[in-house]
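Read through the structure below, which is laid out as structure tokens, and then see the notes.
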Amino acid sequence: MKKFKLSTTIFQTLVAGSRNPIKSSSSLTEEQYKSVAKEKVDVVVIGAGVVGIAIARELAMKHGREVIVLESASTFGTGTSSRNSEVIHAGIYYPPNSLKAHLCVRGRQLLYKYCKQHDIPYKQIGKLIVATGSSEIPKLNTLMARGFENGVEGLKLMEGCEAMRMEPELQCVKALLSPASGIVDTHSLLLSLMGEAESYGTTFSYNTTVIGGHCDKDRIQLHVSESKAIKNHDGRSLLQPDVVLIPRLLVNSAGLGALALSKRFSGLDAGVIPTPYFARGCYFTLSNSKTPFEHLIYPIPEDGGLGVHVTLDLNGQVKFGPDVEWTDGIDDFSSFLNMFDYSVRGERAKQFYPEIRKYYPGLKDGSLEPGYAGIRPKVSGPKQVPNDFIIQGEDVHGIPGFINLFGIESPGLTSSLAIAEHVAARLKKE
């Protein structure tokens, strides 16, 4: 197969002279379709976050595929992958036999092994999930039982006095110790995975946005544009693709834009695409230099998240967060370009202090400083039962060689290598 190459400007040699406007970015007339340059390729992965890069690496390195990763941003890992707690989760929280449970436990094992083999900075520092009142103890017992059922090693339920001996600044009545939990340098992980993918022939094309597609002869043909064309789009005229890519295998790992993108694939049954929800979360950092904790400290989970918890980075910086702020989505193109609101307003700290002081009463006024924010891509909304990861293949949408990844929120980072295994195995069957 011809090796697909990209020029400095996206597919410049392919699309020279092909600039006729089209009526729809996801449905072309026959004349318009003929006027746009087309290229058959082996595998396309949409999205250069940690999951997309892990999938590209898996397919290229272990299955010999020629992979192209299309990323709308100017570099890798700019979305959810770089705006999280950087925690390696043990696999406690998720319903038994769910994808989250299986892929988190498997992914944790793979991730620790990978970090050791590739000198990725990480620490297995352990986690304490704490009950700060007697009413929360039954929930802690439930988490303990669920963790055991999921195959999490080393869990220990302890009295508050024992936990507080481990962490003198902590206040709780009971705690669940998870020694398998840890932290990782996500940027180093991304660089390593990407380097391996590239060494096995994967091409990364940045500033490149998939704006839609259409189904033809059991394949999705992708409509691709330069990201700057979207940024400069006036919103009144209709945007055209620069090129149509026709992959044998396609993985939609577009993260926050995955659901919006799938709705722009003409011919894909809209009934199989879940409703998107977005949960914004802010982090605040501790301003003083002293680190009050040696373990991760987590409260009992709340609606939409795991609660405002204590995270340590590898430099000893203490972070608190994220909280949960359900937010409306944005238009499709803005979601493709990750144009969400990531600002952290200082006054939001007023909501953090009382939550943190439930387990860290020594937190001083004025010690929290705005850190950063992230957006969780969810497929369940407020007060709804949290949904599992959705890894959707031909058995659901009827299109061979095509995988949609929806709702890949936490524990997506921990699960990334296991998700890559799972997706590659699914594509091999299809």
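Only a predicted model underlies this, so the values are computations on that prediction, with no experimental measurement involved.
By the neighbour-count criterion of 12 heavy atoms within 6.0 Å, atom CG of Asp331 is densely surrounded, having more than that number from other residues, nucleotides or ligands.
Salt bridge absent: Lys62 and Glu196 never bring a charged side-chain N and a carboxylate O closer than 4.0 Å. The existence of a salt bridge linking Lys263 and Asp332 is excluded, since no basic side-chain nitrogen approaches an acidic carboxylate oxygen closer than 4.0 Å.
Under the 3.5 Å distance criterion, with hydrogens and angles disregarded, a donor-acceptor pair is assigned to the side chains of Tyr283 and Ser85.
For Glu153, the salt bridge (charged side-chain N to carboxylate O under 4.0 Å, His left out) partners at least two apart in sequence or on another chain are Arg108. For Asn338, the side-chain contact (heavy atoms from CB on, under 4.5 Å) partners two or more places apart in sequence, or in a different chain, are Thr78, Leu256, Phe340, Tyr342. Take Phe76 and apply the ring-ring contact (aromatic ring centres under 6.0 Å, His included) test, not counting sequence neighbours, and it matches His187. With sequence neighbours left out, Pro247 forms a side-chain contact (heavy atoms from CB on, under 4.5 Å) with Val41, Val44, Leu222, Leu250.
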Take Phe352 and Phe320 through the ring pair (Phe, Tyr, Trp, His ring centres under 6.0 Å) test and state the conclusion after the steps.
CA-CA 8 Å; Phe352 274 62; Phe320 296 96; 8.1 Å; no

Start with the C-alpha gap between Ser225 and Thr209, add the side-chain angles, then the distance that decides, and say whether side chain to side chain donor-acceptor pair (under 3.5 Å) holds.
CA-CA 5 Å; Ser225 175; Thr209 302; over 6 Å; no

Run the side chain to side chain donor-acceptor pair (under 3.5 Å) test on Thr285 and Tyr372 for me, step by step, so that the C-alpha distance in whole Å, both residues' side-chain angles and the decisive distance to 0.1 Å come before the verdict.
CA-CA 9 Å; Thr285 61; Tyr372 58 95; over 6 Å; no

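Tested against Glu421, the residues Arg106, Lys428, Arg426 include a single salt bridge (charged side-chain N to carboxylate O under 4.0 Å, His left out) partner, Arg106. The only option from Ile88, Val87, Val310 that meets the side chain to side chain contact (heavy atoms under 4.5 Å, CB included) definition with Leu296 turns out to be Val87.
Applying the ring-ring contact (aromatic ring centres under 6.0 Å, His included) test to pairs two or more places apart or on separate chains, those with a residue in residues 80-125 are Tyr112-Tyr122, Tyr114-His118.
With rounding to the nearest 0.5 Å, the separation of OG in Ser253 from CG in Leu70 is 12.0 Å.
Annotation: side chain of Leu59 is not in contact with side chain of Asp42 (no heavy-atom distance under 4.5 Å).
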Indicate every side-chain donor-acceptor pair of residues 400-408 with a distance under 3.5 Å to a residue at least two apart or in another chain.
unit_1	atom_1	unit_2	atom_2	d
Asn404	OD1	Asn252	ND2	2.9
Asn404	ND2	Gln392	OE1	3.2

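By the 30° and 60° cut-offs, the orientation of the rings of His214 relative to His223 is tilted.
Taking the ring axis of Tyr298 as reference, the NZ or CZ atom of Lys127 stays within 45° of it and closer than 6.0 Å to the ring centre.
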